[in-house]
Amino acid sequence: MDIPKSDAFVFFGATGDLAFKKIFPALQAMIKHGHLDVPVIGVARSAKNVDELRARVRTSLEEHGGLDAVAFDKLSSLLRYVQGDNSDPKTYQALRQALAGAKHPIFYLAIPPTNFGVVVEQLGKSGCGNGARVIVEKPFGRDGDSARELNRILLGAFEEKAIFRLDHFLGKGPVHNMVYFRFGNAVLEPLWNRNHVESVQITMAEDFGVQGRGAFYEETGAIRDVIQNHLFQILAILAMEPPARLDTESFRDEKVKALKSIPPLETRNLVRGQFRDYLNEKGVAQNSQVETFAALKLEIDSWRWRGVPFYIRAGKCLPATVSFR
């Protein structure tokens, strides 16, 4: 396959929560395994300069996975920084200078979903997107109409083959294990159906709150944050039929079939709630109706699962942190 390698990694939201918890540790791991040797350019408003960003990277690695001195030094040498607002054309002029002639950069949007369209449009107008790829995090729009509009904006700036719509949950080890659990287990397969399974329950409980991200959570809520993407991916893996082939498109097609087999959700099968003191969080509206907990009961109208209830629940400030029970 004649696909050029990316020659720069640019991530918007360099001082945000996702970068602090996930991206910086991942970049260090890539360096340790010899998979990263291109400029790493962070874009954000709050850090004043690259030295301040490097200090944040160090703290991130110390708190999330451990700092490797050699890998950190290499990452620090690759790190660049562009300070600016996502909607300001001057930010993208500065970004073009920071790219320093890179022909195939990859852009990672680790920013609130309401900013996706703005950034993509600016990348297209500035010429930064020429020959580039873009990674869009979840949630992808607020509903069907906004998702289609975001797709229109993306396709106006990038070719389809250069767009990656990402659910980072699929990179977790336990999620990969579920695929092998389903399709690499000859003992399980004859039992994995409505004749032997009474119910399927998927839980993502967290014993902490929004951790200062009240403004972000006001845009998403528990359903958009983790249920419609992360937990529905788990649901699809558990409910799908074996794919015809082992390529990603075949897996995707079977997931889509499983999701299309779910009848519309009825109000009586949905519960929403907020943890106590959510309204006191910074960035949260005093009359907010955004849910921090949701539980729903679904059915899958297929031969394999007809009559078996699927329960999905997710929430913050619960008694324990638990996933996939």
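Nothing here was measured: the structure is a model prediction, and the numbers come from that model.
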May I have all residue pairs that pass ring-ring contact (aromatic ring centres under 6.0 Å, His included) and include part of residues 261-288, sequence neighbours excluded? F275-Y278
For E159, look at atom CD and say whether over 12 heavy atoms of other residues, nucleotides or ligands are found less than 6.0 Å away. no
Is it the case that the side chains of S146 and D143 hold a donor-acceptor pair, with the cut-off being a distance below 3.5 Å and no angle test? yes
Quick one about S46 and T15 (side-chain donor to acceptor, distance below 3.5 Å, no hydrogens or angles considered), yes or no? yes
Strictly by salt bridge (charged side-chain N to carboxylate O under 4.0 Å, His left out), give each pair with a member in residues 274-294 just once, sequence neighbours left out. R272-E291
Note, L298 side chain near N269 side chain (heavy atom, < 4.5 Å): no
Using 4.0 Å as the upper bound for N to carboxylate O, is an ion pair formed by E241 and K257? no
Between K125 and P89, is any pair of side-chain heavy atoms under 4.5 Å apart? no
Determine the minimum heavy-atom distance between V308 and V197, stating which atoms define it. CG2-O, 3.5 Å
Side-chain heavy atoms nearer than 4.5 Å, only ILVMFWY residues, links allowed to pass through others: does that put I223 and L150 together? no
Any donor-acceptor pair under 3.5 Å linking the side-chain atoms of S76 with those of D73? no
Is there a path of hydrophobic side-chain contacts, each under 4.5 Å between heavy atoms, that joins L188 and I234? yes
Taking the side chain as every heavy atom from C-beta outward, state whether V134 and F164 have any atom pair closer than 4.5 Å. no
Between T321 and D207, is any side-chain donor less than 3.5 angstrom from a side-chain acceptor? yes
Are F20 and Y108 joined in one hydrophobic group, where the rule is that I, L, V, M, F, W and Y side chains link up if heavy atoms are under 4.5 Å apart? no
Flag yes if I163 and L170 sit in one hydrophobic cluster, no otherwise; membership is Ile, Leu, Val, Met, Phe, Trp, Tyr, and two members link when side-chain heavy atoms are under 4.5 Å apart. no
If you define the side chain from C-beta out and look only at heavy atoms, does anything of R306 sit under 4.5 Å from D301? yes
Are the ring centres of W192 and F181 closer than 6.0 Å? yes
Check this for me: H33, atom NE2, are more than 12 non-hydrogen atoms of other residues, nucleotides or ligands nearer than 6.0 Å? no
Applying the 4.5 Å side-chain criterion to the ILVMFWY set and letting contacts propagate, would L61 and L79 be lumped into a single cluster? yes
Once salt bridge (charged side-chain N to carboxylate O under 4.0 Å, His left out) is applied, what residue pairs with a partner in residues 212-231 remain, sequence neighbours excluded? D17-R213, K138-D225
Suppose the criterion is salt bridge (charged side-chain N to carboxylate O under 4.0 Å, His left out): which pairs have a residue in residues 76-89, not counting sequence neighbours? R45-D85
Is the distance between the ring centroids of F12 and F116 under 6.0 Å? no
Heavy-atom closest pair, residues R96 and C128: CG-SG, 3.1 Å
Going by an N to O cut-off under 4.0 Å, is there a salt bridge joining R165 and E160? yes
Is there side-chain contact between V175 and I237, with heavy atoms separated by less than 4.5 Å? yes
Surrounding CZ of F208 (heavy atoms of other residues, nucleotides or ligands, distance under 6.0 Å), is the total greater than 12? yes
Quick check: closest heavy atoms across Q28 and G66, and the distance to 0.1 Å? NE2-O, 2.9 Å
I need the minimum non-hydrogen distance between V57 and F72, along with the two atoms involved. CG1-CE1, 3.9 Å
With salt bridge (charged side-chain N to carboxylate O under 4.0 Å, His left out) as the test, would you mind laying out the steps for D7 and K103 before giving the verdict? CA-CA 7 Å; D7 50 9; K103 295 182 178 180; over 6 Å; no
Regarding S6 and R133, do their side chains bring together a donor and an acceptor under 3.5 Å, going by distance alone? yes
I'd like to check D37 versus L78 (side-chain heavy atoms, cut-off strictly below 4.5 Å). Are they in contact? yes
Within 6.0 Å of NZ in K21, more than 12 heavy atoms from elsewhere: yes
Taking atom types as modelled, is there a side-chain donor on Q233 or K255 under 3.5 Å from an acceptor on the other? yes
Smallest separation among heavy atoms of P243 and E254, with atom names: CA-CG, 3.7 Å
Check whether any side-chain heavy atom of P39 lies under 4.5 Å from a side-chain heavy atom of F9, and answer yes or no. no
Just jot down the ring pair (Phe, Tyr, Trp, His ring centres under 6.0 Å) partners of F107, sequence neighbours excluded, or say none. none
Are K297 and R268 close enough that some pair of their side-chain heavy atoms sits under 4.5 Å apart? no
Applied to residues 211-269, the ring-ring contact (aromatic ring centres under 6.0 Å, His included) test, sequence neighbours excluded, yields H168-H230, F169-H230
